[in-house]
Protein chains: 2
Amino acid sequence: MSGGEFNSWQTVQAEVLRRINAREWKPGDFIPNEAELSVEFGCARATVNRALRALADTGLLDRRRKAGTRVALNPVRKATLDIPVIRYEIEGKGQTYRHTVLSQERAVPPSGIRARMQIEPGIKLIHLVTLHLADGKPYVFGDRWINPEAVPGIESADLTVKSANEWLVANIPFEGGDFSFSAMTAGKREAEILACREGEGLFVIDRSTWNDGLVITSVRLTFAPGYQMHTKI
Amino acid sequence: MSGGEFNSWQTVQAEVLRRINAREWKPGDFIPNEAELSVEFGCARATVNRALRALADTGLLDRRRKAGTRVALNPVRKATLDIPVIRYEIEGKGQTYRHTVLSQERAVPPSGIRARMQIEPGIKLIHLVTLHLADGKPYVFGDRWINPEAVPGIESADLTVKSANEWLVANIPFEGGDFSFSAMTAGKREAEILACREGEGLFVIDRSTWNDGLVITSVRLTFAPGYQMHTKI
DNA sequence: CAGTGGTCTAGACCACAAG
DNA sequence: TTGTGGTCTAGACCACTGG
């Protein structure tokens, strides 16, 4: 019964996982507390803590002070997904990257963008449409709004050299971002830009990033047909 | 210069973040080692370690033994996204959930599925097509293949009561899964099942889960138009 | 109130990899 | 070889929250 060499947190984690998988601890069950497990496993409580905390982070355990630790009832697993810069994504596949600015202007944003970015009516933002190409073929195009108030220096940047996204991540820190993933149907504009047929299903990412309570930029990335985003648990 | 009350790892993390954002530590720069920081911040090295490790997990820092810790050069940020059970997702919005089995049979899978699931040619799997409805309207349909070798008891389960996904997560442990997100164009079949127009763009999730080196199930979820997946950094 | 997880500490040893 | 992060420990106190 008493454990053997469970002195590393990975070992403890593996054993806990084994017991969950073997249904020795079933979903909803409380498991022994950290002190008890540390005795059983012959290690420090901090080691048990690290192992259980990691499992809780993935959504497999549910931990609450005083209540204890239980095996999660509804396994809402958490996957982590990488948000790469498009250039790295393309170059990582061994393809050559190029991007072009289709248009750049100051304009009053539509209401949807205004709401997303918490902008007063009538304020003009920078509106930038860019196309990113992999091996010369359209890969994704970005329809981006930038709040110049939140981005000092953007006016003087040459965004035809470095893409807006790259310039922003290199120059403007941000606290957080919202992402949403969806699909859309290619209209005339998308079909032309991405060189695909009208009516094709396209993968879309909408992203806003903010800092100091100010929304910096909001962008819609529309990918050419065939794009896939991957992740693992 | 010497820090004030940086005795919690969150405080240390916040200060490190501030320095990165303020460009006191620029992308690519090495930052002081843990021992030095623990002296400066007046806390234990373990506290600094926890703070820096958390930042490295989000992709903001790059840490290597002997080399040291540097501010990440290419900011591949990591977002975590929840993989909920569809019923909970729908019920969480206050809508009523219902699902129906459109077909269930044993069949030899197409080669794509065979490759994904590492199945020998000619082996029959369980093929299950289900539709999930929110407030009576089509929400998503699942085209699923199940490896009966990896899922004892599936034959006797009534999957019209509990959906296959729910039955699996409740009864079959798994080590990991692959996810891919993409878009497709609604064909005749999708349009009929989801009650949408042919040619609409649809959001698609392909997921495989495995355990003990055996692929348990592979499913393609095709969502009705308008579906969005959200996450935050 | 009291039990549980959350965290900090000081010190120690180890594992890895850069030089 | 040696510096750096990675981890373990034993003990302590704290914070939250269930009863």
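Proteins come first, then strands; the chains are lettered A, B, ... in the order of their sequence lines, and each starts at number 1.
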Polar pairs (N or O, both sides) under 3.5 Å between protein and nucleotides 11-14 of chain C?
unit_1, atom_1, unit_2, atom_2, d
C:dA12, N6, B:R45, NH2, 3.0

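When the nucleotides C:dT7, C:dA17, C:dG3 are ranked by their closest atom to the side chain of A:N49, C:dT7 comes out on top. In this structure, the nucleotide among D:dT9, C:dA18, C:dT9 sitting nearest to the side chain of A:A44 is D:dT9.
Contact annotation: A:T69 reaches the phosphate of C:dG5 (side-chain N/O to OP1 or OP2, under 4.0 Å). Close to C:dC8, at under 4.0 Å from its OP1 or OP2, lies no side-chain N or O of B:N7. Listed pair A:Q10 / D:dT7 meets the phosphate criterion, a side-chain N or O lying under 4.0 Å from OP1 or OP2. Phosphate contact (OP1/OP2 of D:dT7, side-chain N/O of A:T47, threshold under 4.0 Å): absent. Within the 4.0 Å cut-off from OP1 or OP2 of D:dG6, at least one side-chain nitrogen or oxygen of B:R63 is found. At least one side-chain nitrogen or oxygen of A:N33 sits closer than 4.0 Å to the OP1 or OP2 atom of C:dT4. OP1 or OP2 of D:dG18 has at least one side-chain nitrogen or oxygen of A:R64 nearer than 4.0 Å. Phosphate proximity of D:dC8 to A:R50: absent, as no side-chain N or O sits under 4.0 Å from OP1 or OP2.
Between A:K66 atom NZ and C:dG3 atom C1' there is a gap of 4 Å when expressed in whole angstrom units. Rounding to whole angstrom units, CD of residue A:E34 and P of C:dG6 are separated by 6 Å. Between the CG atom of A:L52 and the P atom of C:dT4 there is a distance of 14 Å, given to the nearest Å. Between the CZ atom of B:R70 and the P atom of C:dA18 there is a distance of 11 Å, rounded to whole Å. For the pair A:F30 CZ and D:dG18 P, the computed distance is 10 Å after rounding to whole Å. Spacing between atom CG of A:D57 and atom C1' of C:dG5 amounts to 14 Å, rounded to whole angstrom units. Spacing between atom CZ of A:R53 and atom C1' of C:dC8 amounts to 13 Å, rounded to whole angstrom units.
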message: Could you go through A:I86 and A:Y139, starting from their C-alpha distance and side-chain angles, then the distance that decides it, and tell me whether this counts as side-chain contact (heavy atoms from CB on, under 4.5 Å)?
response: CA-CA 9 Å; A:I86 289 168; A:Y139 186 82; 4.3 Å; yes

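For A:D158 and A:T160, the side-chain atoms include at least one donor-acceptor pair closer than 3.5 Å. Residues B:T96 and B:D135 bring a donor and an acceptor atom of their side chains to less than 3.5 Å of each other.
Residue B:K137 qualifies as open at atom NZ: its count of foreign heavy atoms under 6.0 Å is 12 or below. The number of heavy atoms from other shown groups lying within 6.0 Å of CD (A:E149) does not exceed 12.
The aromatic ring centroids of B:H230 and A:F179 lie 6.0 Å or more from each other.
If you check every strand for non-hydrogen atoms under 4.0 Å, B:E36 touches nothing.
A:S180 places none of its side-chain heavy atoms less than 4.5 Å from the side chain of B:M229.
Checked by atom type and distance alone, the side chain of A:D62 never pairs as donor or acceptor with a backbone atom of A:R70 at under 3.5 Å.
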